There are 4 protein chains.
Amino acid sequence: MIKKQEVIPSMIKNQRLVQERRQQIVEGAVRLFIEKGFHKTTTREIARECGLSIGTMYEYIQSKEDVLYLVCHYIHSLLLEKLHSISSHHLTAKEMLASSLTQYFQIMDELRPYVVLIYQETKSLPSEQMKLVLAREEEITLFFEQMLVRGIEDGSFQIPPSSVRLTAHNIVVLGQMWAFRHWALRKMYTLKEYTEKQVSLLMIEIQGVRR
Amino acid sequence: MIKKQEVIPSMIKNQRLVQERRQQIVEGAVRLFIEKGFHKTTTREIARECGLSIGTMYEYIQSKEDVLYLVCHYIHSLLLEKLHSISSHHLTAKEMLASSLTQYFQIMDELRPYVVLIYQETKSLPSEQMKLVLAREEEITLFFEQMLVRGIEDGSFQIPPSSVRLTAHNIVVLGQMWAFRHWALRKMYTLKEYTEKQVSLLMIEIQGVRR
Amino acid sequence: MIKKQEVIPSMIKNQRLVQERRQQIVEGAVRLFIEKGFHKTTTREIARECGLSIGTMYEYIQSKEDVLYLVCHYIHSLLLEKLHSISSHHLTAKEMLASSLTQYFQIMDELRPYVVLIYQETKSLPSEQMKLVLAREEEITLFFEQMLVRGIEDGSFQIPPSSVRLTAHNIVVLGQMWAFRHWALRKMYTLKEYTEKQVSLLMIEIQGVRR
Amino acid sequence: MIKKQEVIPSMIKNQRLVQERRQQIVEGAVRLFIEKGFHKTTTREIARECGLSIGTMYEYIQSKEDVLYLVCHYIHSLLLEKLHSISSHHLTAKEMLASSLTQYFQIMDELRPYVVLIYQETKSLPSEQMKLVLAREEEITLFFEQMLVRGIEDGSFQIPPSSVRLTAHNIVVLGQMWAFRHWALRKMYTLKEYTEKQVSLLMIEIQGVRR
DNA sequence: AATGAATGAGCATTCATTCAT
DNA sequence: CATGAATGAATGCTCATTCAT
């Protein structure tokens, strides 16, 4: 599911090296993109930041947009990895979901600048790569959707089938919201407070009261 | 509330002319920004699109970022105007809110590209202007917050005071979500379905079940 | 016939200025192209040579290839202009042709570097512009073709119709040859000697001996 | 006469290997140069096309210009080889020349893209190598010059000594013209027609009518 | 002898902004 | 007030060549 679908060609043959150098590039670029945005970051800056010469960097990518794609891919990988490592050895489906949500909100807090970056720069990708990134974004939704489906199947949740996906979207968005509205939310709530309130709301939605 | 807080100096004295020309600029720019984004739009294109010469345009702004600020300001004006014109001659606070939410979702649908633009380009503003734009964004939240407060005061809603603002944020975000996740949501829901489900969820939140 | 078919768009509105500046560009570029060839000349060098800033130069052209096109166009204009100003107030068609040939060879000598440039760089043009340049090249052939036709019509020349165009091509090429084989020819012949011999040969061809 | 005048140093000692690899390089490069020109072909492309690594290729050349020189040398070798293999077991000098001319025109047709390449890219050679290439070009002229001299000596041809070399040049150029003016000539003549007309013209020149 | 990763000077081109008219 | 020609620093990207392995 988190398959590394590398669509970007490289001039370099040694695949191990390609992986390694691209990791370097991504790590340098992500810092800069967060700090000043994709458009205001120059390829020269990226090269300097990741310790490669401009020429060498271009042996591993084809265009500046490729760097953005690699960065988005990397962020989604981080996110999906953390998501899938969520511990779920709980007894009831309800408990498991609540715990997952809490952990998800925690992740959103940790990756706050990354989440904002994805939100703001995905649109700068060439359409082909944008599609791939959006597909990965949907994977996150799918993660929660499947969790919900399991709860429905064992009778724990009462969400009508037509609402399952929307509920998953709501979960995802209310989590990301902590990142992209942080400028406002932080003035009133701590992560803990925010998490408690939103999880509580989502649990109501999931238990199907009045739906 | 929708006070035109003009922070942008102009070379031109005649204030009526300044208003008029800036409206021209905004209307041209917004089309282009939606189509190709702020960074990929050139000042020349903006001038051409709004029927001014590049020189004349610069008599009314100081930098390209000013245009972005004017555009953001304009979008928020549109939004706030529509929001404040929401009809509210209903009997109960509950009914009034439900109707407002429905109308708000309708507005989000109409202004979809504008909402997305605000989401993606606000970060390109100089920090001073970004603050002003975010303040206007909070005004939208405030609109719903006040509506909730009225409902609480007359006993219709049971939201703990500490959650009022968050609920307002939730309303705003679940509305904007129809715009910025439209690429995924449109595959499953019509605006009507989306509105019904989300309004229903928000009404539960507001009526304070298990909170 | 020497119609200035300007196909190259410019950012500048004032057409007189466009003409003037392009003339500047062409005059600078032609010197450099002759000296070092099209590919080894940089746009910065062209700008410097013609006294424009690089930015200003690009207001009058769209690409480096455009400069090459303008240069080719200019050279053909020079050539065609000189060709059409060939005096031809002679009595017989035969005399007129001989004189024209002599003057044509004289022109080829004067424009030697230009002729070589056209020969070597036309292929670097985008195909659309190459076609236009080749069409102008054919105009030169046409010039002699028409002269031959007139001589045939009044009975002075005995060239079969199917050979008229080839004869015109031969005239043109034997003239250009003085330019592009000059490195070898100059070792043995002066322009005068070369002209006499080739004109004499061409006159035989035209008088149709054994054809 | 077709002596391989190797002026290009190599890192490799084994001369047989040097010959072999350079042949590989030339065969790859000539295809690319014809297709897209010398300047628009990259060394990487040449290496790929000839099946060598870029590093290996550079063991056998010193610069990209060296490849161009090798290519020019190769083309001249092809040309001179074909030229010298022209069958000449005819009786009279006149017949022999006519046959040679016909076969030469045939060769020019076969090698059309090569001839054009030489015409357009020789100027890109460093002057030292350009001289060598031009010397080989003169060898072609010399081939015909010698044929003419033999005809003069046995009384078959009546060309004044001062015109022999020019006549040889004319032969060479009228042959090459079929290649470099093919874009125009092909519209009116087949190779056969072209050959007949030009050979006929050249035979007049050689038989010295009115000279 | 072969390889291919690394280099960075250099290139064509863009574009926000200015300012003389 | 309006115009649009002029500017040049800055940008993304290329590619011939080298050299450690």
Side-chain angles (χ1 to χ4, degrees), chain A residues 10-14 17-18 20-21 39-48 51-67, chain B residues 10-14 17-18 21 39-48 52-67, chain C residues 10-14 17-18 20-21 39-48 51-67, chain D residues 10-14 17-18 21 39-48 52-67:
Chain A
S10 167
M11 293 275 89
I12 267 61
K13 300 190 173 179
N14 183 339
L17 199 53
V18 171
E20 207 178 293
R21 289 270 184 270
H39 283 104
K40 291 198 176 154
T41 303
T42 69
T43 52
R44 280 173 163 81
E45 285 172 318
I46 299 171
R48 194 187 318 124
L52 298 175
S53 72
I54 184 74
T56 300
M57 188 173 86
Y58 265 91
E59 296 279 313
Y60 295 91
I61 54 163
Q62 307 246 68
S63 70
K64 194 186 168 193
E65 274 75 26
D66 280 354
V67 178
Chain B
S10 168
M11 292 282 94
I12 270 62
K13 305 293 163 196
N14 181 341
L17 196 54
V18 171
R21 289 269 186 270
H39 282 102
K40 292 198 175 152
T41 302
T42 68
T43 50
R44 264 168 145 127
E45 286 172 318
I46 299 170
R48 195 186 316 126
L52 298 175
S53 73
I54 186 74
T56 302
M57 190 172 86
Y58 264 88
E59 296 281 317
Y60 296 92
I61 56 165
Q62 306 248 63
S63 73
K64 194 186 167 192
E65 273 74 26
D66 281 354
V67 178
Chain C
S10 167
M11 292 276 88
I12 268 61
K13 301 191 173 177
N14 183 340
L17 198 54
V18 171
E20 206 178 293
R21 289 269 185 269
H39 282 103
K40 291 197 175 154
T41 302
T42 68
T43 52
R44 278 175 161 78
E45 286 172 318
I46 300 170
R48 194 186 317 125
L52 298 176
S53 73
I54 184 72
T56 300
M57 188 173 87
Y58 265 91
E59 295 279 314
Y60 296 91
I61 55 164
Q62 308 246 65
S63 70
K64 195 186 167 192
E65 273 76 25
D66 280 354
V67 179
Chain D
S10 167
M11 293 282 92
I12 270 63
K13 306 291 163 197
N14 181 341
L17 198 52
V18 171
R21 289 270 185 270
H39 282 103
K40 291 199 177 152
T41 302
T42 68
T43 51
R44 264 169 145 127
E45 285 172 318
I46 299 170
R48 194 187 316 126
L52 297 176
S53 72
I54 185 75
T56 302
M57 189 172 89
Y58 264 89
E59 296 282 317
Y60 296 93
I61 56 166
Q62 307 248 64
S63 72
K64 194 185 167 193
E65 273 74 26
D66 281 355
V67 179

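Values in this document were obtained by computation on a predicted structure and should not be read as measured data. Convention: sequence-line order gives letters A, B, ...; per-chain numbering from 1.
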*Asks:* Between Val18(D) and Ser10(D), which heavy-atom pair has the shortest distance, and what is it?
*Replies:*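 Where Val18(D) meets Ser10(D) most closely, the heavy atoms are CG2-OG, 3.8 Å.
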
*Asks:* Considering just the side-chain nitrogens and oxygens of Tyr60(A), establish if one lies under 4.0 Å of OP1 or OP2 belonging to dA5(E).
*Replies:*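 It does not, given that no N or O in the side chain of Tyr60(A) lies less than 4.0 Å from OP1 or OP2 of dA5(E).
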
*Asks:* What stems, by residue range, does DNA chain E take part in, given at least 3 consecutive Watson-Crick or G-U pairs under 3.5 Å?
*Replies:*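 When the pairs of DNA chain E are grouped into runs of at least three, the stems are E:2-21 with F:2-21.
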
*Asks:* Within the 4.0 Å limit for protein heavy atoms, which parts of nucleotides 15-21 of chain E are touched? Write it as a string from 5' to 3', B for base, S for sugar-phosphate only, - for none.
*Replies:* SBBB---

*Asks:* Test of understanding: with side-chain hydrogen bond (donor to acceptor under 3.5 Å, both in side chains), list the residues that count as partners of Thr56(D), not counting sequence neighbours.
*Replies:*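 side-chain hydrogen bond (donor to acceptor under 3.5 Å, both in side chains) list for Thr56(D), sorted by chain: Ser53(D).
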
*Asks:* Would you mind reading off the distance between Ile12(D) atom CD1 and dT3(E) atom P, rounded to a whole angstrom?
*Replies:*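 For the pair Ile12(D) CD1 and dT3(E) P, the rounded distance is 11 Å.
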
*Asks:* Glu45(A): what forms a salt bridge (Lys or Arg N to Asp or Glu O under 4.0 Å) with it, not counting sequence neighbours?
*Replies:*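 Partners of Glu45(A) by the salt bridge (Lys or Arg N to Asp or Glu O under 4.0 Å) criterion, ordered by chain and then number, come out as Lys36(A).
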
*Asks:* For Ile61(C) and Ser53(D), find the nucleotide of DNA chain E closest to each by heavy atoms; which residue's nucleotide sits nearer the 5' end?
*Replies:*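 Looking at the nearest nucleotide for each, Ser53(D) comes out on the 5' side.
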
*Asks:* Arg44(D): what forms a salt bridge (Lys or Arg N to Asp or Glu O under 4.0 Å) with it, not counting sequence neighbours?
*Replies:*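 For Arg44(D) the salt bridge (Lys or Arg N to Asp or Glu O under 4.0 Å) partners, ignoring immediate neighbours, are Glu59(A).
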
*Asks:* Which atom names give the shortest non-hydrogen contact between His39(C) and Lys64(C), and what distance separates them?
*Replies:*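 So the two residues come closest at O-NZ, 3.7 Å.
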
*Asks:* Please report the interatomic distance OG1(Thr42(B)) to CZ(Arg48(B)), rounded to the nearest 0.5 Å.
*Replies:*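 Rounded to the nearest 0.5 Å, the OG1-CZ separation comes out at 6.5 Å.
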
*Asks:* How close do Ile46(D) and Val67(D) get, heavy atom to heavy atom, and via which atoms?
*Replies:*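 Ile46(D) and Val67(D) have their closest heavy atoms at CD1-CG1, 4.2 Å.
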
*Asks:* Would you indicate what Leu17(C) reaches in the nucleic acid, counting non-hydrogen atoms under 4.0 angstrom: base, sugar-phosphate, or nothing?
*Replies:*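 Leu17(C): backbone/sugar contact only, no base atoms under 4.0 Å.
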
*Asks:* If I compare all heavy atoms of Thr43(A) with all of Met57(A), which pair ends up nearest, and what's the gap?
*Replies:*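 That closest heavy-atom pairing would be O-CE, 3.6 Å.
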
*Asks:* Atom NZ of Lys13(B) to atom C1' of dC1(F): distance rounded to whole Å?
*Replies:*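 Checked: the NZ to C1' distance equals 12 Å.
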
*Asks:* Is any side-chain heavy atom of Leu17(C) closer than 4.5 Å to a side-chain heavy atom of Tyr60(C)?
*Replies:*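 Counting from C-beta outward, Leu17(C) and Tyr60(C) do come under 4.5 Å.
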
*Asks:* Starting from C1' on dT13(E), measure out to CG on Leu52(C) and report it in whole angstrom.
*Replies:*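 It is 16 Å, rounded to the nearest whole Å.
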
*Asks:* What nucleic acid atoms does Met11(A) come within less than 4.0 Å of, heavy atoms only: base, sugar-phosphate, or nothing?
*Replies:*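 Result for Met11(A) = sugar-phosphate.
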
*Asks:* How many Å lie between CE on Met57(D) and P on dT3(E), as a whole number?
*Replies:*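 Those two atoms, CE and P, are 13 Å apart.
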
*Asks:* What is the distance from CZ of Arg21(A) to P of dG4(E), rounded to the nearest Å?
*Replies:*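 About 16 Å, once rounded to whole Å.
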
